[in-house]
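Comments concern the structure below.
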Amino acid sequence: MKDNKIVGYILFTKIKIGESDEIALAPLGILPEYQRKGIGGALIKEGHRIAKKLGYHYSIVLGSEKYYPKFGYIPAINYGIMPPFQVENENFMAIKLNETDKEIKGVVKYAKEFGI
Ligand SMILES: CC(C)(COP(=O)(O)OP(=O)(O)OC[C@H]1O[C@@H](n2cnc3c(N)ncnc32)[C@H](O)[C@@H]1OP(=O)(O)O)[C@@H](O)C(=O)NCCC(=O)NCCS
């Protein structure tokens with residue numbers, strides 16, 4: 001909330017990586033006149049903080065290789081996490097929410113609502 005209105009939105013949905021319950025970030029959107037003020041970044045960081053507290057180990061995202069690495073995302077393939085569709089490695093990214101967490105590898109399964 002800013003100026004008494006909602007200026008940004010973020011959603012994480014439950015996914016599976018192999019057999020493990022994890023999350024995917026999408027979508028993220030900030031009203032055009034409020035972009036590039038750090039709001040998107042703040043939503044991502046707060047989302048990660050809550051996800052970590054809830055016990056998730058990884059978040060994945062399909063998106064810009066110029067934006068998400070600013071918040072710790074790297075190509076998911078580096079963790080052995082694979083997309084369920086064909087996409088450039090640099091656009092399918094993951095972040096390990098807690099460096100000391102166990103490693104989880106496998107193919108991502110999105111919620112059935114995505115129809116993937
Ligand atoms: C992409 C988007 C979510 C970024 O949110 P934001 O609040 O504007 O971003 P932030 O202010 O937190 O930006 C943090 C950094 O990323 C950079 N950045 C912002 N938007 C960027 C973009 N589209 N591509 C590359 N870098 C971007 C900023 O310059 C800033 O860099 P710095 O820390 O080096 O100064 C927002 O611009 C948006 O809603 N775009 C339209 C919808 C969209 O594309 N959503 C993503 C779907 S995957």
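Throughout, residue positions are numbered sequentially from 1 according to the sequence presented. Counting convention: from 1, in listed order, for ligands and their atoms alike.
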Atoms of ligand 1, numbered as shown, that sit under 4.0 Å from any heavy atom of [X]:
| X | result |
| --- | --- |
| G41 | 12 (O) |
| G40 | 5 (O), 6 (P), 7 (O), 12 (O) |
| G38 | 10 (P), 11 (O), 12 (O) |
| G29 | 39 (O) |

* Any non-hydrogen protein atom less than 4.0 Å away from atom 40 (N) of ligand 1 ->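 At least one protein heavy atom is under 4.0 Å away.
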
* Asked: Any protein heavy atom lying closer than 4.0 Å to atom 35 (O) of ligand 1?
  ->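 Not a single protein heavy atom is under 4.0 Å away.
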
What is the nearest protein non-hydrogen atom to [atom], stated with its residue, atom name and distance?
| atom | value |
| --- | --- |
| atom 9 (O) of ligand 1 | Y67 OH, 3.2 Å |
| atom 25 (C) of ligand 1 | K66 CB, 4.0 Å |
| atom 32 (P) of ligand 1 | K70 NZ, 4.0 Å |
| atom 38 (C) of ligand 1 | Q35 NE2, 3.3 Å |
| atom 21 (C) of ligand 1 | R36 NH2, 3.2 Å |

* Asked: Taking only residues two or more places apart in sequence, or in another chain, which ones meet K105 in a side-chain hydrogen bond (donor to acceptor under 3.5 Å, both in side chains)?
  ->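 Checked K105 against side-chain hydrogen bond (donor to acceptor under 3.5 Å, both in side chains); matches are E103.
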
* Out of curiosity, K16 NZ to E22 CD, how far, rounded to the nearest 0.5 Å? ->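 The NZ atom of K16 sits 9.5 Å away from the CD atom of E22.
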
* **Approximate separation, where rounding is to 0.5 Å, of I30 CD1 and K37 NZ** =>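 Between I30 CD1 and K37 NZ, I get 11.5 Å after rounding to 0.5 Å.
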
* ligand 1 contact on Y68 by region, counting heavy-atom pairs under 4.0 Å ->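 The answer is the side chain.
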
* With backbone taken as N, CA, C and O and side chain as the heavy atoms from C-beta onward, which portion of K37 lies under 4.0 Å from ligand 1: side chain, backbone, both, or neither? ->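 Under 4.0 Å from ligand 1, K37 contributes backbone atoms alone.
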
* To do: Report whether L62 and I104 are members of the same hydrophobic cluster (ILVMFWY, side-chain heavy atoms less than 4.5 Å apart, transitive linking).
  =>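 Both belong to a single hydrophobic cluster.
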
Could you tell me which non-hydrogen atom of [X] sits nearest to which non-hydrogen atom of [Y], and how far apart they are?
| X | Y | result |
| --- | --- | --- |
| I15 | A24 | CG2-CB, 3.7 Å |
| P84 | I116 | CG-CG2, 3.9 Å |
| I60 | A94 | CG2-CB, 3.9 Å |

* Asked: Does ligand 1 have an atom that lies less than 4.0 angstrom from a heavy atom of P27?
  ->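 No, P27 has no heavy atoms under 4.0 Å from ligand 1.
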
* To do: Measure from the side-chain N and O atoms of N91 to the backbone N and O of G63, and report whether any donor-acceptor pair falls under 3.5 Å.
  =>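 Yes.
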
* Determine yes or no for a side-chain-to-main-chain donor-acceptor pair under 3.5 angstrom, with K45 supplying the side chain and F71 the backbone. =>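 Side chain of K45 to backbone of F71, a donor-acceptor pair under 3.5 Å: no, none is there.
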
* To do: May I ask you to say whether D21 pairs ionically with K14, meaning some side-chain N is under 4.0 Å from a carboxylate O?
  =>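 K14 and D21: not salt-bridged.
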
* Asked: Under 3.5 Å, N or O to N or O, is A42 touching ligand 1 that way?
  ->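 Such a contact does not occur with ligand 1.
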
* Distance-only N or O hit between ligand 1 and L28, under 3.5 Å ->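 For ligand 1, there is an N or O atom that lies under 3.5 Å from one belonging to L28.
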
